[in-house]
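Both counts, for ligands and for their atoms, begin at 1 and track the order of listing.
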Amino acid sequence: MTDLPSPSKTILRALSGERQAIPPVWMMRQAGRYLPEYRATRAKAGDFLSLCYTPDLAAEVTLQPIRRYGFDAAILFADILLIAQALGAELWFATGEGPRLSTVTGPGDLARLKPVEAIHETLSPVYETVRILQGELPAETTLIGFAGAPWTVATYMIAGRGTPDQGPAHALRMADPDTFDALIELLISATIEYLSAQIAAGAEVVKLFDSWAGSLKGEAFARYAVDPTRRIIAALKARHPGIPVIAFPREAGEGYIGFARATGADCVAIDNSVSADWAAAHVQVDGCVQGNLDPRHMVTGGAALTEETRRIVRAFSNGPHIFNLGHGITPEADPDNVQRMIDAIRGG
Ligand code: CP3
């Protein structure tokens with residue numbers, strides 16, 4: 001074993017397995033509609049996708065929560081569905097309704113998608129955002145890049161929208177497994193290229209969002225959540241040794257157990273459907289965990305917010321931990337509650 005110097009940034013230290021008395025903190029959707037400065041920049045961009053594809057403005061909204069709160073990490077501002085668009089799907093955001101896409105329901109739709117090499121043409125502004133951020137972030141702030149995990153992106157590409165139970169994706173994987181598997185394979189390859197390009201541009205950590213992993217059970221979870229994650233991580237580690245990966249198989253429940261070992265992830269992000277005590281006992285035994293305050297506390301605040309924040313810090317205090325919410329902060333959150341959460345973490 002070589003003695004590598006311990007990294008100086010708090011997030012990288014946690015990801016290398018170091019327990020810290022005060023855990024580093026960032027928040028999913030930290031650049032978002034709860035912040036007036038985000039709403040102003042988004043208005044300037046015109047619409048959400050223009051914001052994602054305008055590097056100066058995407059970098060600006062990424063930096064806003066860092067300036068306001070001094071989070072330990074900045075997450076690249078983009079969206080998990082841009083890769084679908086880069087592969088040739090139509091993508092638009094219907095105001096107040098969420099994403100809409102052209103659908104993939106059979107071999108003909110699949111054949112119309114673009115080859116993996118074509119993605120950079122659409123996604124190059126995202127890499128430019130990463131380069132800008134690399135130059136502008138404070139020295140102590142870690143830059144996190146990300147992509148959606150193949151299953152989650154596939155659920156949107158198949159249904160053409162968000163779905164409560166991912167029904168259309170489950171139906172396709174059972175009715176036409178060849179088309180479904182080919183879509184997953186395409187997304188695995190595209191995700192490797194996309195994340196590699198983010199790393200080449202300056203991302204120091206990457207995170208895989210598998211928001212709908214919880215609807216995969218048993219063998220399907222192993223095949224479509226664990227295995228794609230494992231293959232993406234193996235390819236990234238081969239190309240970029242030392243780049244840590246955070247995996248977020250949201251609502252995996254029992255599936256969180258052993259997920260880091262099975263996939264090679266350096267950290268498993270935990271949603272708030274499981275307790276911090278349970279996750280400490282069953283997931284943190286394998287290494288760093290991230291999570292898992294219920295985002296509703298950012299709306300409701302009060303003593304419960306402070307108590308619950310402290311309880312989570314205590315529950316994970318025996319091992320490596322990155323404090324985060326269990327899911328993204330919502331537009332109706334009170335920005336002052338974010339500061340209260342940070343004060344409870346850093347001030348004890
Ligand atoms: O976390 C961050 O601050 C980085 C940027 C980021 C966004 N989306 C910005 C965004 C990240 C990492 C995502 C991930 C994402 N996008 C996921 C996985 C995480 C999760 O929430 O489960 C998913 C499923 C998506 C797809 C998506 N994008 C949906 C379903 C929606 C509509 C719902 C909503 O919140 O409006 C989006 C839009 C979106 N992505 C917004 C932001 C800030 C809101 C758009 C706006 O400004 O109007």
Side-chain angles (χ1 to χ4, degrees), residues 25-54 57-66 68-69 71 73-85 89 91-101 126 129-130 133 141 143-157 159-164 166 169 191 194-195 198 203 205-215 246-252 269-273 290-292 295 298 324-333 338:
V25 54
W26 68 280
M27 252 180 6
M28 285 185 268
R29 293 275 172 101
Q30 63 190 19
R33 286 162 292 181
Y34 75 105
L35 288 178
E37 57 269 37
Y38 170 87
R39 294 195 297 269
T41 309
R42 189 178 176 293
K44 208 194 278 181
D47 61 79
F48 174 66
L49 284 175
S50 302
L51 179 53
C52 291
Y53 288 124
T54 308
L57 298 182
E60 166 59 23
V61 295
T62 306
L63 290 165
Q64 286 167 351
I66 308 305
R68 192 190 260 257
Y69 302 113
F71 283 119
I75 183 158
L76 162 69
F77 191 84
D79 195 84
I80 66 161
L81 300 178
L82 302 187
I83 202 165
Q85 191 174 36
L91 171 69
W92 67 102
F93 279 78
T95 315
E97 289 180 41
R100 293 288 183 276
L101 301 90
V126 176
T129 305
V130 174
L133 288 167
T141 314
L143 178 56
I144 302 177
F146 73 91
W151 160 250
T152 288
V153 176
T155 66
Y156 289 93
M157 291 181 78
R161 60 197 301 157
T163 46
Q166 296 71 61
T191 304
Y194 184 35
L195 291 177
Q198 291 182 28
V205 172
V206 292
K207 177 170 175 184
L208 275 170
F209 285 89
D210 212 349
S211 302
W212 300 118
S215 80
I246 303 172
F248 183 33
R250 191 171 72 88
E251 293 192 1
I270 312 276
D271 72 89
N272 50 277
S273 70
Q290 176 179 283
N292 72 338
M298 296 295 110
N324 205 309
L325 306 179
H327 200 192
I329 187 168
T330 54
E332 60 281 8
V338 177

*Going by an N to O cut-off under 4.0 Å, is there a salt bridge joining Lys44 and Glu60?*
no
Can you sort out which atoms of ligand 1 are near [X], meaning under 4.0 Å from one of its heavy atoms?
X: His327; answer: 20 (C), 21 (O), 22 (O)
X: Leu76; answer: 4 (C), 5 (C)
X: Ala31; answer: 3 (O), 43 (C)
X: Ile75; answer: 1 (O), 2 (C), 3 (O), 4 (C)
X: Pro99; answer: 29 (C), 30 (C), 31 (C), 32 (C)
X: Tyr38; answer: 43 (C), 46 (C), 47 (O)
X: Gln30; answer: 3 (O)
X: Phe77; answer: 9 (C), 43 (C)

For the side chain of [X] and the backbone of [Y], is there at least one donor-acceptor N/O pair under 3.5 Å apart?
X: Gln64; Y: Glu37; value: yes
X: Trp151; Y: Trp212; value: yes
X: Thr155; Y: Ala169; value: no
X: Asn292; Y: Gly326; value: no
X: Asp271; Y: Glu251; value: yes

Heavy-atom gap Lys207 to ligand 1 smaller than 4.0 Å:
no
Just need the protein heavy atom nearest to [atom], so name the residue and atom and give the distance.
atom: atom 25 (C) of ligand 1; value: Ile80 CG1, 3.5 Å
atom: atom 24 (C) of ligand 1; value: Tyr156 OH, 3.3 Å
atom: atom 13 (C) of ligand 1; value: Arg29 NE, 3.8 Å
atom: atom 34 (C) of ligand 1; value: Arg33 NH2, 3.0 Å
atom: atom 40 (N) of ligand 1; value: Asp79 OD1, 2.8 Å
atom: atom 48 (O) of ligand 1; value: Arg42 NH2, 2.8 Å
atom: atom 37 (C) of ligand 1; value: Phe93 CE2, 3.4 Å
atom: atom 41 (C) of ligand 1; value: Phe48 CE1, 3.7 Å

What one should report as the nearest heavy-atom pair of Phe248 and Ile270 is CE1-C, 4.1 Å
Item to complete: Describe, in one word, how the ring planes of Phe146 and Phe209 are oriented to each other, choosing from parallel (under 30°), tilted (30 to 60°) and perpendicular (over 60°).
Response: perpendicular
Note: heavy atom closest to atom 6 (C) of ligand 1, options Ala149, Ala78, Gly328, belongs to Ala78
Closest to atom 18 (C) of ligand 1 (heavy atoms only, candidates Gly145, Pro331, Ser211) is Ser211
- Task: Check the surroundings of atom CZ in Arg100: do more than 12 heavy atoms from other residues, nucleotides or ligands lie under 6.0 Å from it?
- Result: yes
Those residues at least two apart in sequence (or on a different chain) that pass side-chain contact (heavy atoms from CB on, under 4.5 Å) with Thr129 are Pro55, Ala58, Ala59, Leu76, Leu133
* To do: Kindly indicate, with the supporting measurements, whether the criterion side chain to side chain contact (heavy atoms under 4.5 Å, CB included) is fulfilled by Leu49 and Asp79.
  => CA-CA 9 Å; Leu49 284 175; Asp79 195 84; 5.7 Å; no
Counting heavy atoms under 4.0 Å, the part of Thr152 that contacts ligand 1 is neither
Sorted by chain and residue number, the side-chain hydrogen bond (donor to acceptor under 3.5 Å, both in side chains) partners of Tyr34 (sequence neighbours excluded) come out as none
